[in-house]
Amino acid sequence: MARDSPNEDDDHENLIHQNKDKSASFRIEELQSPIRRRFSKGHYLFAAIVTVISLVATIYLFFSSKICGTTSDRIKESQLRALYLLNKQRSSLFDLWNHTFGTSNNITAFPFDQIKASLLDQITLNRHIKDTLLSTENGTVSIPIVNGSEICRKIDPKSSKRRTIEWKPDPNKFLFAICLSGQMSNHLICLEKHMFFAAVLNRALVIPGSKFDYQYNLVLDIEHINECIGRKTVISFENFMELKKNHARIDKFICYFSIPLPCYMDEDHLKQLKSLGISMGKVETAWKSEDIENPSPKTVKEMEEKFGTKEDVIAIGDVFFANVEKDWVLQPRGPIAHKCKILIEPSKLILLTAQRFIQTFLGSGFVALHFRRHGFLKFCNAKKPSCFYPIPQAADCIRQMVEKANTSVIYLSTDAAESETSLLQSMLVMNGKTIPLVKRPPRDSAEKWDSLLYRHGLDGDDQVEAMLDKTICAMASVFIGAPGSTFTEDILRLRKGWETASSCDEYLCHGEEPNFIAGDK
């Protein structure tokens, strides 16, 4: 069946946000006012209640196991499991008690958000206990838990406290970006660092062309950067060559790294540049012993000393591994002053396609999983501990996160083989129900969600497909990433910029919120 061809204006309209479920749910905020008051006898009452509940439950389970001597092994196993969980809950509640009231009669001595999260964890654990006690030979009885949005709250980016630099390029002063390390994700991180360099050096940034690098305009909204800053700060390679009448010259070519290769660039890449009509002088190195394996911290002052020059066009490369003003550069929304949420973001076609896919297959609340496998076994096993997990262990970690987020579907971004994803899917069962793993399907002319890419000849392009994956993951309620993956880093950058990051975001099986650490290989 042929695709529909509606008016292009309709295609570029933003989707209407779906109404979120406003059904009644447990509201921990109702506890906030009374719980912040000073306690006296209530302290001991709370401890007594916790102790009595644990003892009563333990006695009940003990005697019921004695009386029901003819019960099946399955029920006995459930009772033992419930005892274990009750002891675990009792320990956790007393730990919360000690942290809350150990040094002060005022509950404000312990952050309320942490109290809230801990209490909700205990409510979730209580659900496990109930499920265990209600286990039968025919399956388990499902009991609703607290809304996942109460536990997995959005992270406040605190952007008002951001440290920024104004990007005001001097006339006819350019920085030519050199990004050669790794795949597209590495190049995007490198490009973002080049933007910071250009802002510090008061230069416009020349985005490399497809004959030397990736075709960035297919996946990025280049003009969006200029609009956000309010002036012309980035220029495409094609426009730069037109400005220079196809006879551009790099007046000063400076390598950030000298080990293992100057600029992390071989002779073939230099020849490629020259074949594009660019002449250049001798390649220099800023530091004689700067190694990509161990980049030393640098300051803005050092950058100005090494790369500041009156020459019209300079090139610096490759800066992917550069460790410059790390705390400043890695802030949500970046180090450069601008009026948008984020400077480097996917093209409008990719954004709309991601929205349409989510509306078609996932809905408003879903977990996104970047499950990196291909080539990751050797990389992860070099780390201590390894970040490569067997499928059963990965499935257990994913189940825990899905339960915490209280979602019913997972978007899977992966390079894993079908044998691995099939096994993973078979093990993702909770309360007797399968948690579906959703991947983007092959192109089907009957489907509408990807028609924009199809009509613009972008379907099937590897870099467009990768950016679409990142965009969908960045829009998820909760994200589970692959530790050490720059693909994951780029998703985290988008989530922090778009303010979609959740307190439940974590690296797979690490149990911690991911940090955006540019330069990890």
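Every heavy atom of this structure was used, including side-chain atoms; hydrogens, water molecules and symmetry mates were not. For the single chain, residues carry numbers from 1 onward in sequence order.
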Undergrad: Regarding Ser296 and Glu290, do their side chains bring together a donor and an acceptor under 3.5 Å, going by distance alone?
TA: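 Side chains of Ser296 and Glu290: pair found under 3.5 Å.
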Undergrad: Within the distance-only criterion (no hydrogens, no angle test), does the side chain of Arg231 pair as donor or acceptor with the backbone N or O of Trp167 below 3.5 angstrom?
TA: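 A pair under 3.5 Å: yes.
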Undergrad: Is a donor on one side and an acceptor on the other found under 3.5 Å between the side chain of Asn226 and the backbone of Thr233?
TA: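 Yes, the answer is positive, given that a donor and an acceptor are paired below the 3.5 Å cut-off.
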Undergrad: Would you say Ser210's side chain and Gln215's backbone share a donor-acceptor pair under 3.5 angstrom?
TA: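 No; zero donor-acceptor contacts below 3.5 Å.
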Undergrad: Not counting sequence neighbours, which residues clear salt bridge (charged side-chain N to carboxylate O under 4.0 Å, His left out) with Glu166? List them please.
TA: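 Once residues adjacent in sequence are excluded, Glu166 has no partner under the salt bridge (charged side-chain N to carboxylate O under 4.0 Å, His left out) criterion.
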Undergrad: Sequence neighbours left out, what passes salt bridge (charged side-chain N to carboxylate O under 4.0 Å, His left out) with Asp213? Give chain and number order.
TA: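 For Asp213, no residue satisfies salt bridge (charged side-chain N to carboxylate O under 4.0 Å, His left out) once neighbours in sequence are set aside.
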Undergrad: Going by the rule disulfide (SG to SG under 2.5 Å), which residues pair with Cys473 if we only count those two or more places apart in sequence or in a different chain?
TA: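 Partners of Cys473 by the disulfide (SG to SG under 2.5 Å) criterion come out as none, since no residue qualifies.
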Undergrad: How long is the gap from OH on Tyr256 to CE on Met303, to the nearest 0.5 Å?
TA: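 Here the rounded value is 7.5 Å.
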Undergrad: Taking the side chain from Arg495 and the backbone from Thr500, do they hold a donor-acceptor pair closer than 3.5 Å?
TA: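 Flag set: sc Arg495 to bb Thr500 pair under 3.5 Å.
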Undergrad: Verify, without hydrogens or angle tests, whether Gln400 (side chain) and Cys397 (backbone) share a donor-acceptor contact under 3.5 angstrom.
TA: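 Pair absent, no side-chain N/O of Gln400 close to backbone of Cys397.
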Undergrad: Looking at Phe388, does the NZ or CZ of Arg373 lie under 6.0 angstrom from its six-membered ring centre and within 45 degrees of the ring axis?
TA: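 Pair Arg373/Phe388 counts as cation-pi.
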Undergrad: Tell me if a side-chain donor or acceptor on Arg440 pairs with a main-chain N or O of Leu468 at a distance below 3.5 Å.
TA: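 No, the answer is negative, given that no donor and acceptor are paired below the 3.5 Å cut-off.
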Undergrad: Within the structure provided, determine whether Cys340 and Glu345 are in side-chain contact (heavy-atom separation under 4.5 Å).
TA: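 Contact flag for Cys340/Glu345 side chains = no.
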Undergrad: Quick one: does Met475's side chain get under 4.5 Å of Leu351's, heavy atoms only?
TA: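 Touching, per the 4.5 Å side-chain cut-off.
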Undergrad: At what distance, to the nearest 0.5 angstrom, does CZ of Phe176 lie from CZ of Phe237?
TA: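 So the gap between those two atoms works out to 5.0 Å.
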Undergrad: Is it the case that the side chain of Gln425 and the backbone of Ser422 share a donor-acceptor pair, with hydrogens and angles ignored and the cut-off at 3.5 Å?
TA: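 Not at all, since once roles are kept as given, no pair shorter than 3.5 Å links the two residues.
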Undergrad: Just how far is it from atom CZ of Arg356 to atom CG of Leu452, taken to the nearest 0.5 Å?
TA: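 Interatomic distance, Arg356 CZ to Leu452 CG, rounded to 0.5 Å: 4.5 Å.
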Undergrad: Looking only at side-chain N and O atoms, does Gln272 offer a donor or acceptor that is under 3.5 Å from a partner on Asp268?
TA: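 Side-chain D/A pair, Asp268 to Gln272: absent.
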Undergrad: Going through the distances and angles, do Ile472 and Phe361 end up as a side-chain contact (heavy atoms from CB on, under 4.5 Å)?
TA: CA-CA 11 Å; Ile472 295 169; Phe361 293 99; over 6 Å; no
Undergrad: How about CD on Gln183, more than 12 heavy atoms from neighbouring residues, nucleotides or ligands closer than 6.0 Å, or not?
TA: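 No, because the 6.0 Å sphere around CD of Gln183 holds 12 heavy atoms or fewer from other groups.
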Undergrad: Can you tell if the side chain of Asp251 reaches within under 4.5 Å of the side chain of Thr309, non-hydrogen atoms only?
TA: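 In short, these two side chains do not touch, never coming nearer than 4.5 Å.
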Undergrad: Leu201 versus Ile316: any side-chain heavy-atom pair under 4.5 Å?
TA: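 In short, these two side chains touch, coming nearer than 4.5 Å.
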Undergrad: For Thr486 and Asn186, test the side chains for any donor-to-acceptor distance below 3.5 angstrom and give the result as yes or no.
TA: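 Thr486 vs Asn186: donor-acceptor pair found between side chains.
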Undergrad: Are more than 12 heavy atoms from other residues, nucleotides or ligands located less than 6.0 Å from atom CD of Glu242?
TA: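 No, because the 6.0 Å sphere around CD of Glu242 holds 12 heavy atoms or fewer from other groups.
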